[in-house]
Amino acid sequence: MTTIAPDARMAGVARTYPRRAAVVSWIFFDWAAQPYFTLITTFVFAPYFATAIAPNPAAGQSLWGFAMAAAGLAIALLSPVLGAIADASGRRKPWIAGFGTVLVLASCTLWIGKPGDHAVIPLVLTAVALASVGAEFATLFNNAMMPTLVPPERIGRLSGTGWATGYIGGIVSLIIVLCLLAANPETGRTLLGVTPLFGLDPLTRQGDRAAGPLTALWFIIFVTPMFLFTPDYPAKRPLGEALREGLSELKQSIKSLPKQKSLAAFLLANMIYTDGLVSLFAFGGIYAAGTFGWHTIQIGTFGIMLAIAGALGAWLGGKLDDRLGPKRVIAGSLLVLLLSVAAILLVDKDSVLFVKTAPPQAGAALFSSTAERAYLVLGCLIGAAGGPLQAASRTLLIHLAPKDRIAQYFGLFALTGKVTSFIGPLLIGLVTALTASQKAGMAVLVVFFVAGLGLLLRVRD
């Protein structure tokens, strides 16, 4: 295995990179972690929580928003500190292992969420928040390994390929749940028309609840190659010394941000548009469940289509990233997201862009109404733009940040992606609670994308 020399470039020594197996194994981290975002926070468990565990969909959306806000605040406060410590100590894998364990244990806990059992709501929301913390922090340290894997001119393609692979992993896990585990409570059959595997009970929604344990098992299996084949940074100093040095360097980095105007503008832009994107993905399934009355099978099928669009978008975005630069890819993605969200707000179950249409009929074919099809198209546009936006953002950070403090700046990157991430869910939760309208709650996302795009224009790549 090739030895990584993090300071080779600064020392004037030719940089060497690990073999292909190491890079592929690193890419599979995205495959391993994606089911948390696909199955739990977006297409299976979140809508199930809002429609089956919570008292009603509006209350469910509000409660889910508060839980995601709490997780986002914790991630925001700890990300730069942990990143600085990791840079000073050198190693990344122990952190990934630790936070991956949190993700696994918390995801398994979601099995207890039985339909109509309001007593488990606090524990379920706590587990969801902890799983989010585990997934985000493990991703932070995985991202920090990127500069050691490929030359700078291939970073965009590596990032885009990772995101695309993650989307495909999400698709596969979602297909497994829809076709083999989750059944329609009325028919007792899955999307394939068969009874659920392992004797899972449709009436108690065990197939939906199984999304948590499946996420945990999936992560354990597919993150293992990264630990086996991808080289880590060498250890630099003991944890106590790394803590002191890391916090000192973090303080210096924060003080220097006003002098690094492009980097500061980018981190601020990332803070705003990431908040909007995460909130959009977190509440998209819940919004569809409330608007169209979709259940797990409809939402999951929609999720598969959206994830396919996201995988294609991330893969294409990675190529465009290396050719056009990450800033242009981010700007184009934000425009698509802005227009798509604005259009979704004009789609209701019986109207599209103020034009009356026939509402969905009970027992009709899947997505047979005009409004549902319009929602599908707009959702696919959001998926196709979301992948390149996230992949190009981490590429742009690598372009702008000092190479010897990459984990620290990924910590700041996570900070700006999370320090206000509670605001999006919180605003959606508050507006939804005050107006009893899911549409009014989702409307706040337009502001996030407009503001993020405006700040991005001040970044010089």
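Values below: all heavy atoms of this structure, side chains included; hydrogens, waters and symmetry mates excluded.
- Proximity of a side-chain donor or acceptor of S132 to a complementary backbone N or O of V128 within less than 3.5 Å is not detected.
- Going from atom CG of L389 over to atom OG1 of T274 covers 6.5 Å, rounded to the nearest 0.5 Å.
- Listed here is the closest heavy atom pair of V223 and F29: CG2-CD1, 3.7 Å.
- No hydrogens or angles considered: nothing links the side chains of Y167 and T38 as a donor-acceptor pair under 3.5 Å.
- Contact of the S25 side chain with the F227 side chain is not registered, since no non-hydrogen atoms from C-beta on lie closer than 4.5 Å.
- A salt bridge between R394 and D30 is present, with a side-chain N of the basic residue lying under 4.0 Å from a carboxylate O of the acidic one.
- Taking the six-membered ring for Trp and the full ring otherwise, the centers of F137 and W95 sit at least 6.0 Å from each other.
- A side-chain donor-acceptor contact under 3.5 Å links W26 to the backbone of N142.
- Atom OG of S173 sits about 9.0 Å away from atom CG of L178, to the nearest 0.5 Å.
- Taking the side chain as every heavy atom from C-beta outward, L338 and Y273 never approach each other to under 4.5 Å.
- Between W31 and F222, the ring planes lie perpendicular to each other; the angle is over 60°, past the 30° to 60° tilted range.
- Of the possible donor and acceptor atoms, none in the side chain of D208 sits under 3.5 Å from a partner among the backbone N and O of Y48.
- Panel note: side chain K327, backbone L396; no donor-acceptor pair is recorded below 3.5 Å.
- Here CG of L149 is found 12.5 Å from CZ of R19. Values are rounded to the nearest 0.5 Å.
- The side-chain contact (heavy atoms from CB on, under 4.5 Å) search around V104 returns A216, F219, I220, not counting sequence neighbours.
- Side chains of V24 and F229 form no contact here, defined as non-hydrogen atoms less than 4.5 Å apart.
- A donor-acceptor contact shorter than 3.5 Å links the side chain of K93 to the backbone of T230.
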